[in-house]
Engineer: 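Input: one structure, supplied below.
The basis for the numbers below is simple: all heavy atoms, side chains too, and nothing from hydrogens, waters or symmetry mates.
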Amino acid sequence: MLKGTYPLDRFQGLQTPFYYYDTQLLQLTLDAIRDEVKDRPQWQVHYAVKANHNPVLLKQIVAAGLGADCVSGGEVKAALEAGFPPQSIVYAGVGKADWEILLALDAGIGRFNVESSAELQVIASLAASKGLVAPVSLRVNPDIGAHTLAGITTGLAENKFGIYHGMVEEVAREALALSSVRFCGLHFHIGSQILEMPDFAALCNRINDLTDRLERAGIPIADVNVGGGLGIEYGHPNHLPMANFKAYFSTYKRLLPASRPVHFELGRSIVAPCGTLITRVLYVKEGLARRFAIVDAGMNDLIRPALYHASHRIENLSSNGPELPYDVVGPCCESSDVFGKDILLEECHRGDFIAIRSAGAYGESMASQYNCRPLAPAVFSE
Ligand SMILES: *Cc1c(COP(=O)(O)O)cnc(C)c1O
């Protein structure tokens, strides 16, 4: 949203901070994804619920026909409550507890993405105890380093995620021998905020090598799930408000065989651009060498800058004064409660509305009540 398009009159009556969601932009994003995959009826796009589990957004995403990708029993529950068909739900995670597995079995979800042989055995025995057959894929650690922040790469051999690619054949044979599981295929996810298409191309090549190797060994691969990870342009929310879905999906169209069904799990690229954290300036403080804009949102509302050194574009929506450099900081009692250093903002005054952009993913869903601060509510454009 351009600076002039935020409804400041409406904001005047609201307590800050809050998340403001542009549901029109979300709809345009969902439409763009549908257009990119409409020539591949065997492909299914799932939404990664962990990026944002706000029920209003989930319902809009269900209505667009996406499935859900969950990483906990709570997320499976949230997806079911929002109306995702159970068959459209896939469930990954290295540490699935028994109650979470049972909940997913009872719901009849579409797929368990299994991350170890030990987990496979537990799913098999819980399914057997209920007289059910659990549909499983094996999550493979493809040992591919994505060009992204170290904290959010997941596909390297030393990450905790998945089964090392050299050991997948053995675990697949185990799965095939279990009568209470149905082995369906392979699952991958190499990281998040990936803007380099060659990273996804490398994943495709790894997938093709592995599926060829397994099929030659007599292990049928019905489908593959390539995970998510497509990044967005945090620095340019106005010029590039949507992720490059064309480049992303065309990479997979070019490199994966058209005959095999493919699942995708996109989180950030679907919801990040539509969300803005709206906060107000409490105080402007002149330091020795720095000028601080102290705002009423903190790291408990949006932890990405403190956790990953992530940067979000910050704008002053209220001022047309000359631009000055500010350190934009929150009120939490942590030195890392900083949204940005040396950020050029139009001159700040107490009460100005500050927009922290592209905060729709891993914002509200990672919020906490640290310092006994209340959770920031959500406000929608319509
Ligand atoms: C987090 C996650 C995703 C979504 O990642 P994005 O970078 O938000 O697209 C997809 N699949 C799995 C297994 C995940 O853990």
Side-chain angles (χ1 to χ4, degrees), residues 42-46 48-50 67-77 79-80 84-142 154-155 159-190 203 206-207 210-211 213-215 217-228 260-265:
Q42 297 214 83
W43 284 11
Q44 187 174 14
V45 180
H46 304 259
V49 173
K50 76 173 188 282
D69 161 46
C70 300
V71 293
S72 74
E75 285 188 2
V76 171
K77 235 192 247 180
L80 291 167
F84 284 96
Q87 268 300 312
S88 80
I89 298 175
V90 298
Y91 177 19
V94 291
K96 302 180 185 78
D98 291 17
W99 72 266
E100 297 178 300
I101 295 168
L102 289 167
L103 184 153
L105 283 170
D106 286 337
I109 67 160
R111 197 67 54 87
F112 289 86
N113 289 318
V114 172
E115 309 221 8
S116 64
S117 161
E119 180 197 331
L120 177 68
Q121 296 296 339
V122 170
I123 290 176
S125 81
L126 292 175
S129 74
K130 289 186 162 275
L132 297 171
V133 176
V136 306
S137 287
L138 299 182
R139 178 167 181 177
V140 181
N141 186 320
T154 55
N159 283 126
K160 69 178 177 179
F161 296 104
I163 298 164
Y164 182 65
H165 58 87
M167 293 159 74
V168 169
E169 182 176 337
E170 190 186 324
V171 185
R173 286 195 193 287
E174 246 177 73
L176 286 167
L178 291 164
S179 58
S180 58
V181 307
R182 177 165 53 87
F183 173 72
C184 305
L186 303 177
H187 173 236
F188 303 82
H189 176 64
I190 55 172
L203 173 63
R206 176 72 82 187
I207 290 171
L210 196 55
T211 51
R213 173 147 57 89
L214 292 173
E215 294 201 312
I219 295 166
I221 306 298
D223 61 27
V224 297
N225 182 328
V226 300
R260 200 185 324 266
V262 182
H263 296 260
F264 296 85
E265 302 170 334

Engineer: Provide the closest heavy-atom pair for Q44 versus S88 in the form atom of the first, atom of the second, distance.
Structural biologist: NE2-CB, 3.6 Å

Engineer: With a 4.5 Å heavy-atom cut-off, do H187 and R111 have their side chains touching?
Structural biologist: no

Engineer: Quick one: closest heavy-atom pair of P142 and I190, and the distance?
Structural biologist: CG-CG2, 3.7 Å

Engineer: Does E169 reach the side chain of L214, with side-chain heavy atoms less than 4.5 Å apart?
Structural biologist: yes

Engineer: Mark yes or no for whether E170, through its side chain, and M167, through its backbone, hold a donor-acceptor pair below 3.5 Å.
Structural biologist: no

Engineer: Kindly confirm or rule out a cation-pi arrangement of K96 over F112, judged by NZ or CZ under 6.0 Å from the six-membered ring centre and within 45° of its axis?
Structural biologist: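 So K96 doesn't make the cation-pi contact.
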
Engineer: If you compare all heavy atoms of L120 against all heavy atoms of L178, which two are closest, and at what distance to 0.1 Å?
Structural biologist: CG-CD1, 3.9 Å

Engineer: Does any part of the side chain of D223, heavy atoms only, come nearer than 4.5 Å to the side chain of H263, both counted from C-beta?
Structural biologist: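 Sidechains of D223 and H263: in contact.
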
Engineer: Can you tell me how far apart CD (E265) and NE2 (H189) are? Round to the nearest 0.5 Å.
Structural biologist: 7.5 Å

Engineer: Of V90, V136, L138, which is the lone residue that meets side-chain contact (heavy atoms from CB on, under 4.5 Å) with N113?
Structural biologist: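 Going through V90, V136, L138 one by one, the side-chain contact (heavy atoms from CB on, under 4.5 Å) with N113 is satisfied by V90 alone.
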
Engineer: Nearest 0.5 Å, please: how far is CD1 in I207 from CZ in F188?
Structural biologist: 4.5 Å

Engineer: Minimum heavy-atom separation for S72 and Y91, please, with both atom names.
Structural biologist: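 Answer, listing the atom of S72 first, then Y91: N-CE1, 3.5 Å.
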
Engineer: List the residues meeting side-chain contact (heavy atoms from CB on, under 4.5 Å) with A48, not counting sequence neighbours, and say none if there are none.
Structural biologist: D69

Engineer: Which pair of heavy atoms, one from A92 and one from R139, lies closest together, and at what distance?
Structural biologist: CB-NH1, 4.4 Å

Engineer: CZ of R260: more than 12 outside heavy atoms within 6.0 angstrom?
Structural biologist: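 More than 12 within 6.0 Å, yes.
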
Engineer: Enter the distance from E215:CD to L210:CG here, rounded to the nearest 0.5 Å.
Structural biologist: 10.0 Å

Engineer: Which heavy atom of I221 sits nearest to which heavy atom of G185, and what is that distance?
Structural biologist: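 It is CG2-CA, 4.1 Å.
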
Engineer: Counting only pairs under 3.5 Å, give me each side-chain donor-acceptor contact of residues 121-134, with atom names and distances, residues two or more places apart or in other chains.
Structural biologist:
residue : atom : partner : partner atom : Å
Q121    : NE2  : E174    : OE1          : 3.1
S125    : OG   : V122    : O            : 3.3
S129    : OG   : L126    : O            : 2.6
K130    : NZ   : D106    : OD1          : 2.8
K130    : NZ   : D106    : OD2          : 3.4

Engineer: For the CG atom of L80 and the SG atom of C70, what is their distance to the nearest 0.5 Å?
Structural biologist: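 Rounded to the nearest 0.5 Å, the CG-SG separation comes out at 7.5 Å.
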
